[in-house]
Amino acid sequence: MVSVVDYVPYILEGVLWTLGLVGGGLLIGFIVGLPSAIAQVYGHRFLKIMVEVYAWFFRSVPLLVLLFLFYWGIFPALGFKLDPLTCSILVLGIRSGAYQSQIFRGAITSVGEGQYIAARTLGMSKMRAIYHIVLPQALRISIPGWANEYAIILKDSAICFTLGVMEILTRTRYVVMATLEPLIPYFIAGALFIVLTYSGTKILNTIYDKLKIPGLIWRM
Amino acid sequence: MSFWEEFIAYLMRGWIMTVELLALSIPLSILLGLALATARVYGNKVVSLIAAGFVALLRGLPLVVTLLIVFFALPRIGLYFDPFWSAVIAFIMCSGAYQSEYVRAAIQSIDVGQSLAAQALGMTKLQEVVHIILPQAFRRALPGISNEIIYLILYSSLAYIIGVQEIFATAKHFNSLQFRPIEIFSTTALIYAFMATVATFFFKKLEERLKIPGLEIV
């Protein structure tokens, strides 16, 4: 008879993998999403349409389908033999970029055109106005939306068990198969996800409060 | 039969199952969302605490985990559901919990004057909530609700994990026979994108149709 104590460390190790998926996905999403948002607001018409199609596609297709499409189809066809973890992080990231572009676009729009125009009037270049005036405000405004995105991507990372990434859920399923006892392992996995969801959101909201600029927040 | 003919036949079979899943889950999740929100705002301490706890729990769990718990863990405490109903139950609970947050915020945003006027007309609390508050709150929550329903359409693909033969499951099965993943999964992707886009369009129209002039000003 296997006791709970025997497999808890094994499941707990999955937390690191889950956080790797989430951290990598959020980072790639940020790297893709922020320029996309800037392009959507300030870019040429052609660029805008490209970003819109990208955001539409990745927000309208289930993660499960994307994972299989990229892991079995697109990456091998392009000549990349990726392991499940790398592939999952990339797919989570590209998809998160589509969602994050919408978060940042909303934030940039809410900063208001006046700020941008004023910066341009002061002789700043387009890039400098965006970088020094618009983004410092927009990024602060987008933190709550970003906290939400963290919670979403955390829960979506569980879907990566379908590719066999050794995150929390994959390990839990192995434990269930080995012990034939579904109840306790699944509740442990559930508890871990709940703790990660709420603690992460809490941390991000604390950062939001710390970075708050008096007078900036009330305008939204 | 050619590849595409056979593939379309597979997809159609799965698509019908997906539609069956959604046809049950969507209306029931909306009802659950309304019920949970009402319970949280108007229920007594115990009821509102239970509703809040349920929502916090379901919003903290990944849908996959909820699905696996309903299908694999609940039988251990004597609750058996077949794959189809396990999926429907998990979808209703998850989506209902998310939707209830929008409805709750909408209920709280309705002017107190509405409630006072209803009382002045001699309505009971139940009449007031059903006839005065909820119709307005539902309209205000509709953009959020429709967002959640579009998520639900996409996440319905997870039902394949517990063996429901919905569209992703049939596509995956067909891929294991033919191994042409790019054609198979990109077609599946486009079908989901089509469903999500149609739903977005439908809800925009619904919002316009249900619009009451003046209500949108908070």
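Since this is a predicted model, take the numbers as computed values, not measurements.
Taking OG1 from A:T197 and CZ from B:R59, the interatomic distance works out to 10.0 Å, rounded to the nearest 0.5 Å. Atom CZ in B:F185 sits 9.0 Å away from atom CH2 in A:W72 (nearest 0.5 Å). Expressed to the nearest 0.5 Å, how far OH of A:Y186 lies from CG of B:L67 amounts to 10.0 Å. Note that OG of B:S186 is 7.5 Å distant from CD1 of A:I74, once rounded to the nearest 0.5 Å. Considering CD1 of B:I153 and OG of A:S60, their distance stands at 10.0 Å, rounded to 0.5 Å. The line from CH2 of A:W56 to OG1 of B:T200 is 10.0 Å long, rounded to the nearest 0.5 Å.
Residue B:A199: no heavy atom, backbone or side chain, is found under 4.5 Å from chain A. For B:Y98, the part sitting under 4.5 Å from any heavy atom of chain A is the side chain, from C-beta outward, and nothing else. For chain B, the nearby part of A:T162 is the side chain; its heavy atoms alone come within less than 4.5 Å. Neither the backbone nor the side chain of A:F70 comes within contact range of chain B, judged by heavy atoms closer than 4.5 Å. Heavy atoms of A:F161 lying under 4.5 Å from chain B belong exclusively to its side chain. Using a 4.5 Å cut-off between heavy atoms, B:I77 contacts chain A through its side chain alone, with no backbone atom that close. Only the backbone of A:R59 comes within contact range of chain B, with heavy atoms under 4.5 Å apart. In this structure, chain A has a heavy atom under 4.5 Å from the side chain of B:A196, while its backbone stays farther away.
Within 6.0 Å of CZ in A:F80 there are 12 or fewer heavy atoms belonging to other residues, nucleotides or ligands. Heavy-atom contacts from other residues, nucleotides or ligands closer than 6.0 Å to CZ of B:F201 number 12 or fewer. Residue B:F194 qualifies as open at atom CZ: its count of foreign heavy atoms under 6.0 Å is 12 or below. For A:F75, the CZ atom is densely surrounded, since the number of other residues' heavy atoms within 6.0 Å is greater than 12.
Under a 3.5 Å cut-off, the side chain of B:Y160 and the backbone N or O of A:L64 do not form any donor-acceptor pair.
Of all heavy-atom pairs spanning A:G190 and B:L61, the tightest one is CA-CD2, 3.2 Å. The two atoms that bring A:A77 and B:I182 nearest to each other are CB-CD1, 3.5 Å, heavy atoms only. For the residue pair A:K155 and B:P62, the shortest heavy atom distance occurs at O-CB, 3.5 Å.
Taking the centre of each ring, A:F68 and B:F168 come in below the 6.0 Å mark.
The residue from B:V64, B:L63, B:I161 that alone fulfils the side chain to side chain contact (heavy atoms under 4.5 Å, CB included) condition with A:I159 is B:V64.
Of the listed residues A:V195, A:D156, A:T201, the one with more heavy-atom pairs under 4.5 angstrom with chain B than any other is A:D156. Put simply, of B:S156, B:A171, B:P181, the one with the most heavy-atom pairs under 4.5 Å next to chain A is B:P181.
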Run A:L169 and B:L68 through side chain to side chain contact (heavy atoms under 4.5 Å, CB included) and show every step you take. CA-CA 10 Å; A:L169 193 59; B:L68 291 170; 3.8 Å; yes

Can you list the steps and then say if A:L183 with B:F72 is a side chain to side chain contact (heavy atoms under 4.5 Å, CB included)? CA-CA 8 Å; A:L183 203 57; B:F72 287 111; over 6 Å; no

